[in-house]
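Here's the structure we're looking at; comments come further down.
Labels below follow one simple rule: chain letters A, B, ... track the order of the sequence lines, proteins then strands, and each chain is numbered from 1. Fair warning: this is a prediction, and the values are worked out from it, not measured in the lab. Hydrogens, waters and symmetry mates play no part in the numbers below; they use all other heavy atoms, side chains included.
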There are 2 protein chains.
Amino acid sequence: MRASDMAYGSLRADILEWRLPPGTLLAEVEQARRLGISRTPLREALSRLVAEGLAAAHSGRGVVVTAVSLAGIADLFEVRLPLECAAARLAAARRDPAAFDALADRFEAAGALISSGGTDQHAYYGLVAELDAAIDEAAANPYLVQAQRQLRTHLVRARRLARDNPDRLLASAGEHRQIAQAVARGNAELAAAAVTIHLSNSLHHLQASVPGPLDA
Amino acid sequence: MRASDMAYGSLRADILEWRLPPGTLLAEVEQARRLGISRTPLREALSRLVAEGLAAAHSGRGVVVTAVSLAGIADLFEVRLPLECAAARLAAARRDPAAFDALADRFEAAGALISSGGTDQHAYYGLVAELDAAIDEAAANPYLVQAQRQLRTHLVRARRLARDNPDRLLASAGEHRQIAQAVARGNAELAAAAVTIHLSNSLHHLQASVPGPLDA
DNA sequence: TCGGGCTTCTCTGTATACAGGAGTCTGCTT
DNA sequence: AAGCAGACTCCTGTATACAGAGAAGCCCGA
């Protein structure tokens with residue numbers, strides 16, 4: 001493992017999990033010392049974060065962790081909607097039915113688990129990530145995967161703006177189950193519709209649960 | 001201007017204009033000497049190219065300019081279609097009518113110029129880039145702009161696979177005029193339809209004019 | 001003659017040293 | 001007291017030196 005890859009992964013995780021909140025100044029010498037590496041690989045990691053949009057080069061003063069705002073989330077979903085729909089359509093056309101049937105079953109089980117109160121949020125988001133990965137794999141389009149990766153990165157950070165309650169998690173599980181089922185059946189339009197519903201509900205929940213625009 | 005920015009721009013232009021054809025090995029010391037800079041800023045430029053998908057890190061042997069294939073172009077357009085449609089819809093909703101009316105007029109003039117034989121391909125592609133930029137600006141969505149920038153980068157390279165003939169250029173000018181007009185009128189669905197037609201024709205032309213899959 | 005292993009060489013990955021510039025603080029002037 | 005100018009300081013941007021890893025070539029053995 002290269003030191004720059006390690007630094008990139010570490011910083012990226014720290015930003016995504018809000019250990020490095022928006023507005024944090026990432027000084028080169030400080031971060032290099034913190035991670036136990038030299039400035040050279042750290043600079044490469046920082047440039048990758050900047051390219052990804054997780055940090056911005058604050059001219060002359062180093063790079064700063066970018067802000068997350070309500071307006072930004074709306075923009076994010078404006079792009080996610082057509083892209084996720086396209087991915088779902090392609091996946092429906094090229095999928096392996098068994099894989100998505102299995103995912104649909106697991107979302108049904110997750111829904112039952114949530115209703116019974118045994119909510120494991122971390123595990124649930126892992127399952128969502130599995131569905132995303134399965135759709136990406138079925139869509140088999142590297143350009144699509146790259147674009148999705150960028151957007152999902154920002155989504156992970158935006159999630160922390162909202163308090164996830166069991167009701168929303170239960171509804172989300174049902175929506176994801178619908179998506180997986182539609183893809184499993186090879187019904188592209190149904191899959192796109194299910195994605196549209198899910199993203200619409202997801203955005204609405206996010207906007208409703210954030211008190212005001214949070215800049216930092 | 002930073003040396004790394006200069007190197008990035010120079011290498012990017014060289015790759016896009018096929019002065020560095022697919023498969024070219026970009027050795028650090030060689031390129032650094034060619035550009036008259038040190039390895040440090042050159043490495044930053046290379047990492048940006050890799051992140052952009054224009055080059056790939058060939059483990060242990062440096063980075064190599066990525067290939068352009070027919071299958072890759074089909075993938076590219078699979079993503080471009082929903083994204084350009086979304087951009088056109090947003091632009092139609094938020095546009096400044098005068099700007100797009102002016103662009104429509106310029107495409108009409110460009111069409112007349114092409115029919116009369118005075119084709120200036122370079123200037124025409126510049127006009128297309130202006131329309132793209134105007135749509136981006138009107139859509140006012142940074143995530144969309146970033147995704148589009150990535151895709152259009154690869155498109156520029158793919159264009160060189162096809163021989164542009166005056167007939168196709170004339171048709172393209174008409175299609176772009178339709179897009180600009182639809183956006184100017186604020187008709188989102190019409191704009192999306194015009195984009196769909198243009199991309200479909202564009203892809204068909206590309207696929208028809210390439211003899212076989214070109215890997216390198 | 002062909003294949004495998006070893007050696008060597010080159011190239012990447014990393015660390016560090018140096019220079020230029022931007023920001024800030026302080027002191028002076030009005 | 002407030003504003004401006006100058007200098008200082010820290011931080012980024014760049015160059016270079018060094019080490020380790022991978023690849024290629026060569027030699028030896030079968």
Within the structure, does a side-chain N or O atom of B:S4 lie under 4.0 Å from either OP1 or OP2 of D:dT14?
yes
Check: B:Q148/B:D132 side-chain N/O donor and acceptor closer than 3.5 Å
no
With heavy atoms under 4.0 Å as the rule, sort A:R61 into base, sugar-phosphate or nothing.
sugar-phosphate
With a cut-off of less than 4.0 Å, is there a side-chain N or O of A:S38 near OP1 or OP2 of C:dT14?
no
Look at B:R2 and D:dT14 and indicate whether a side-chain polar atom (N or O) is within less than 4.0 Å of OP1 or OP2.
no
If you draw the axis of the six-membered ring of B:Y8, does the NZ or CZ of B:R2 fall within 45° of it and under 6.0 Å from the ring centre?
no
Between C:dT10 (P) and B:R39 (CZ): distance, integer Å:
15 Å
Rounded to whole angstrom units, what separation is found between the CZ atom of A:R43 and the C1' atom of C:dT16?
14 Å
How many whole angstroms separate atom CZ of A:R33 from atom P of C:dA15?
15 Å
Out of C:dG13, C:dA15, D:dA15, whichever nucleotide has its closest atom nearest the side chain of B:E28
C:dG13
On the 0 to 90° scale, with breaks at 30° and 60°, tag the A:H176-A:F107 ring pair as parallel, tilted or perpendicular.
parallel
May I have the distance from A:Y8 (atom OH) to C:dG13 (atom P), rounded to whole angstrom?
17 Å
Using whole Å, report how far CZ of A:R48 lies from C1' of C:dG13.
13 Å
Distance in angstrom units between B:L35 CG and D:dT14 P, rounded:
13 Å
Member of B:R12, B:Q150, B:H154 meeting the side chain to side chain donor-acceptor pair (under 3.5 Å) criterion with B:E52:
B:R12
Atom pair distance, as rounded to whole Å: CG in A:L26 and P in D:dT12:
10 Å
